[in-house]
Amino acid sequence: MALCAKKRPPEEERRARANDREYNEKFQYASNCIKTSKYNILTFLPVNLFEQFQEVANTYFLFLLILQLIPQISSLSWFTTIVPLVLVLTITAVKDATDDYFRHKSDNQVNNRQSQVLINGILQQEQWMNVCVGDIIKLENNQFVAADLLLLSSSEPHGLCYIETAELDGETNMKVRQAIPVTSELGDISKLAKFDGEVICEPPNNKLDKFSGTLYWKESKFPLSNQNMLLRGCVLRNTEWCFGLVIFAGPDTKLMQNSGRTKFKRTSIDRLMNTLVLWIFGFLVCMGVILAIGNAIWEHEVGTRFQVYLPWDEAVDSAFFSGFLSFWSYIIILNTVVPISLYVRYAVSLPWGLSREPGGPLGLLSSVKVKSSRGNLGSSPSCAVNIL
């Protein structure tokens, strides 16, 4: 998986020469391995805790737990806060780990799909993750396109082929793609093995409906457009076979360029609860300030008369400092205005919602974050590609 995350300098243009891996490797193009998971064994705990403490309530209860560990101001046991906080963090972590496990599983399934690649004049079965820029791939009817390909030839007249782009744009109607005339006759493997054309085109981008480039072959150049491209995620339909030249692979494909990184998504409920907690905490601080001022005034005016019976602690040397300590004590005592039980119930109930999977029985959603949003995560092309 290290190849999936390899960083490369930004491209100004893409150059891909057919059947010449040695030439293409010097550009250090991305492999066809994809990675949509967020964590691994080493990063799960720190990254997940960082994400969880972006929730205002979790930060608030951690702050409260720290206050309860200070004996001068705490009148409640820290046990009353740490148990529900750990319970919420654990349930959320298990839920996130389950989501990411299925991402890893899906990545492995996709990366290990088989594809027919022309190597040294012979069609060989290769895993998707081993497909490289410049390889020539043979696709058969109803197969998924492994990478962004330049259509070279097909079983249909004039180099036509039909594709379904439902995973890219949600449209189920067939679309037509056509090879340029100069390559449409390259239906024989022996001819394809001798094909050494070079494509110079735009760098990787997320524009699904645009492509511009030029094919240089036999001392001639031929313009290329989006009508000559088969994008990763498409399915070949009503076409017995076709051959394509890999232009963009793995994270450089338009599908992956649109999906972006897997991010920590907040649902509308999370945002509402964060706002409510901030307002309630502001109210709690106001109450604490008023009560602390009252305590300082009482200690200054009345409390000094009872020093014989109710002496101050050794660290307390003034009414002002007594009021300061009382402020934090009131914050602890009145902490229940932020209902931690609500967060515990929310965290426990969230993973168990039922929803119908596409083409499957009732069951758990693959990502409970999507379920909990009830459609309020926002609408954008990248969000649509992520969900698909």
Side-chain angles (χ1 to χ4, degrees), residues 3 6-34 115 117-118 128 131-139 144-154 158-161 163 165 167-169 175-186 192 194-234 236 242-260 381-382 385:
L3 292 173
K6 189 175 181 179
K7 293 185 178 180
R8 297 167 292 112
E11 294 182 45
E12 295 183 358
E13 63 179 13
R14 170 62 59 104
R15 290 176 173 264
R17 183 179 295 173
N19 296 313
D20 194 343
R21 285 193 172 185
E22 184 178 354
Y23 172 80
N24 297 318
E25 283 175 357
K26 71 181 183 180
F27 297 106
Q28 299 181 347
Y29 293 139
S31 72
N32 205 37
C33 173
I34 64 166
S115 184
V117 182
L118 185 62
W128 278 23
V131 172
C132 300
V133 172
D135 287 349
I136 294 179
I137 294 179
K138 180 181 181 181
L139 297 175
F144 279 94
V145 179
D148 288 357
L149 310 177
L150 170 65
L151 179 61
L152 296 177
S153 60
S154 75
H158 310 294
L160 294 173
C161 76
I163 58 173
T165 60
E167 290 206 11
L168 288 175
D169 52 20
K175 293 183 174 61
V176 180
R177 295 292 183 263
Q178 184 175 15
I180 58 176
V182 70
T183 64
S184 61
E185 302 301 325
L186 298 177
L192 287 166
K194 297 176 182 178
F195 177 65
D196 59 353
E198 182 175 3
V199 174
I200 300 178
C201 64
E202 61 189 16
N205 60 76
N206 62 356
K207 298 177 181 178
L208 297 175
D209 57 346
K210 293 182 180 180
F211 177 82
S212 62
T214 305
L215 171 64
Y216 293 86
W217 188 42
K218 293 182 177 179
E219 299 182 353
S220 300
K221 59 181 182 179
F222 309 92
L224 305 174
S225 69
N226 198 54
Q227 288 300 311
N228 311 125
M229 296 294 293
L230 303 179
L231 302 183
R232 179 179 181 134
C234 298
L236 189 67
C242 73
F243 286 94
L245 173 66
V246 177
I247 305 298
F248 301 118
D252 291 341
T253 59
K254 293 183 182 291
L255 175 69
M256 298 304 296
Q257 289 283 313
N258 272 282
S259 66
S382 61
V385 172

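All values below come from the heavy atoms of this structure, side chains included, with hydrogens, waters and symmetry mates left out.
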Are side-chain heavy atoms of [X] and [Y] found at a separation under 4.5 Å?
X    : Y    : answer
I247 : M229 : yes
D196 : N19  : no
L231 : T165 : no
V133 : E25  : no

Taking [X] for the side chain and [Y] for the main chain, is one N or O donor matched with an acceptor at less than 3.5 Å?
X    : Y    : answer
S184 : H158 : no
Q257 : P251 : yes
N32  : W128 : yes

Would you name the heavy atoms of [X] and [Y] that are closest together and state the gap between them?
X    : Y    : answer
N24  : G134 : ND2-CA, 3.5 Å
C201 : F248 : SG-CZ, 4.0 Å
C242 : L230 : SG-CD1, 3.9 Å

Would you sort out whether K254 and N205 count as a side chain to side chain donor-acceptor pair (under 3.5 Å), showing the intermediate values?
CA-CA 6 Å; K254 293 183 182 291; N205 60 76; 2.8 Å; yes
Please determine which of L245, V117, D20 meets the side chain to side chain contact (heavy atoms under 4.5 Å, CB included) test together with D135.
V117
My understanding is that only one of V182, T183, I180 makes a side chain to side chain contact (heavy atoms under 4.5 Å, CB included) with L152; could you say which?
T183
For Y23, give me all partners under side chain to side chain donor-acceptor pair (under 3.5 Å), at least two apart in sequence or on another chain.
E198
Side chain to side chain donor-acceptor pair (under 3.5 Å) filter on E13, not counting sequence neighbours, yields R15
Can we say R14 and D148 salt-bridge, meaning some charged N sits less than 4.0 Å from an Asp/Glu carboxylate O?
no
Pair N226-R177, side chain to side chain contact (heavy atoms under 4.5 Å, CB included): steps then yes or no:
CA-CA 8 Å; N226 198 54; R177 295 292 183 263; 4.0 Å; yes
